[in-house]
Amino acid sequence: MERHIALELARITEAAALEAACWTGRGDKHSADEAATAAIRRLFHSVDMDGTVVIGEGEMDEAPMLYIGEKVGNRRGPRIDIAVDPLEGTETVANGLNNAISVIAAAPEGNLLHAPDIYMAKLAVGPALAGRLSLNDTIGVTLSKASEILHKPLSDMTVSILDRVRHREMIAALREAGVRIKLLGHGDVMGAIEAAVESEVDMYVGSGGAPEGVLAAAALKCLGGEMQGRLMPDTSEDFDRCRRMGMEDPHKLLNMEDMVGRGNVLFVATGVTSGDLLSGVRYLPNRKAETHSVIMHSSNRTVSYLRTIHHLTGTRDNITEA
Ligand code: VTB
Ligand code: MG
Ligand code: MG
């Protein structure tokens, strides 16, 4: 995939972040989400690609914009799959909390998993643990394997997990094992990524959204890390969703190839509110604003950070980069 597409996509997540950040702390997650989604959809059309949304805002009948199957791009470029979450962390923005991002992953057509919007059990790790652990093991076994491979005692390890009632037992097991725990309010795309960059987090565990799982897997591929997942269909409607997405065995253990294919992947994200890896939008005097984005390519495993000063002219439709 061409490099300029990555920059184009980052320009798009920047615009979405600028739009969404206007809603910080205003208690209105729908408006924040809508603003980000509209910005992405509007700007997608100018990109030289023949893209199809495979992970987006929902199925065609439930999402007016960026629905699964929607064609994006000007069709003058490569055929690619797009996974997008215009605002990962709608509640976070509405409540003025940390760690919301706007995020897009792309891969050659046919490579990204069409994940239904249900929960996925996940295990994300960095290069040192990639290929060495299994989501089939209990959390206790996983921790002791990791401790041995990393040559560090459990008390020196940090595991991150979404702070949810459904994780009560897993959190108890982590506490029992004696690891440090980073409890996430929201945002398990960045949560999983943190396990694979220079940070205190060794591993991300627990369940979160399946679409977010595929997005994180794209980044982990660029970082030399690994994500394993297993969908958690619960209701008959969930099973129907899996079937509609073409899944033969909804309980299959999903590896990197299942989620992001064999080809090159790219991943871009812009901070909306500040997190540990990306700063959020900063509004500056004189109608300027600053955004921070990360751009990753799996082809050469590069990770670039992009800091942009935007000059906000007139309406929000006219964001130009200084
Ligand atoms: C996660 C997290 C998201 O949803 O995927 C989570 O990354 C899973 O759903 O930021 P629950 O909130 O029901 O646990 C979010 O928190 C919101 O999309
Ligand atoms: Mg969304
Ligand atoms: Mg989300």
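Whatever order the structure lists ligands and atoms in, that order sets their numbers, starting from 1. The analysis underlying the following values was restricted to heavy atoms, covering all of them including side chains, and did not include hydrogens, waters or symmetry mates.
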- Note on the structure: Closest to atom 5 (O) of ligand 1 (heavy atoms only, candidates Ala210, Gly209, Gly89) is Gly209
- Arg166 atom CZ, neighbour heavy-atom count above 12 within 6.0 Å: yes
- Task: Validate the cation-pi geometry between Arg244 and Phe239: distance from NZ or CZ to the six-membered ring centre under 6.0 Å, angle to the ring axis within 45°.
- Result: no
- Query: With no hydrogens and no angle check, is any side-chain donor or acceptor of Ser147 less than 3.5 Å from a backbone partner on Leu143?
  - Reply: no
- For atom 6 (C) of ligand 1, what's the nearest protein heavy atom and its distance? Leu162 CD1, 4.0 Å
- Query: Within the structure, does Gly208 bring an N/O atom to less than 3.5 angstrom of an N/O atom in ligand 1?
  - Reply: no
- Chi angles and distances behind the salt bridge (Lys or Arg N to Asp or Glu O under 4.0 Å) call for Lys152, Asp202: CA-CA 11 Å; Lys152 56 180 180 179; Asp202 297 294; 2.9 Å; yes
- Query: Looking at Glu88, which atoms of ligand 1 are within less than 4.0 Å of one of its heavy atoms?
  - Reply: 2 (C), 3 (C), 7 (O), 10 (O), 18 (O)
- Restricting to heavy atoms, the pick from His167, Lys29, His186 nearest atom 15 (C) of ligand 1 would be His186
- More than 12 heavy atoms of other groups within 6.0 Å of Glu200 CD: yes
- Task: Give a yes or no on whether a salt bridge exists between Glu70 and Arg41, defined as a side-chain N under 4.0 angstrom from a carboxylate O.
- Result: yes
- So which of the N, O or S atoms of Asp85 lies nearest the Mg ion (ligand 3)? OD2
- Message: For atom 18 (O) of ligand 1, what is the closest protein heavy atom, and at what distance to 0.1 Å?
- Response: Glu212 OE2, 3.6 Å
- Message: Under a 3.5 Å distance rule, please check whether Ser199 uses its side chain to pair with a backbone N or O of Ala195 as donor and acceptor.
- Response: no
- Name whichever N, O or S atom of Glu57 ends up nearest to the Mg ion (ligand 2). OE2
- Quick one: report the N, O or S atom of Glu88 that is nearest to the Mg ion (ligand 3). OE1
- Item | Location of contacts on Thr92 toward ligand 1, heavy atoms closer than 4.0 Å | neither
- Task: Below 4.0 angstrom from a heavy atom of Gly187, which ligand 1 atoms are there? Numbered from 1 as shown, please.
- Result: 2 (C), 3 (C), 7 (O), 10 (O)
- Query: Would you find a donor on one side and an acceptor on the other, under 3.5 Å apart, between the side chain of Asn95 and the backbone of Leu97?
  - Reply: no
- Counting distance only, does the side-chain N/O of Ser298 pair as donor-acceptor with the main-chain N or O of Val265 below 3.5 Å? yes
- Query: Which residue owns the protein heavy atom closest to atom 13 (O) of ligand 1, what's the atom, and how far is it?
  - Reply: Tyr119 OH, 2.4 Å
- Tell me which part of Glu91 gets within contact of ligand 1: side chain, backbone, both or neither, using heavy atoms under 4.0 Å. neither
- Item | Salt-bridge present (Lys71, Asp50; N to O < 4.0 Å) | yes
- Query: Would atom 11 (P) of ligand 1 count as contacted, meaning some protein heavy atom under 4.0 Å?
  - Reply: yes
- Task: May I ask you to identify the nearest protein heavy atom to atom 1 (C) of ligand 1, giving residue, atom name and distance to one decimal place in Å?
- Result: Asp188 OD1, 3.5 Å
- Of all N/O/S atoms in Glu212, which lies nearest to the Mg ion (ligand 3)? OE2
- Considering only heavy atoms of Arg164, which atoms of ligand 1 have at least one such atom less than 4.0 Å away? 11 (P), 12 (O), 14 (O), 16 (O)
- For residues Thr13 and Ser102, is any side-chain donor paired with an opposing acceptor at under 3.5 Å? no
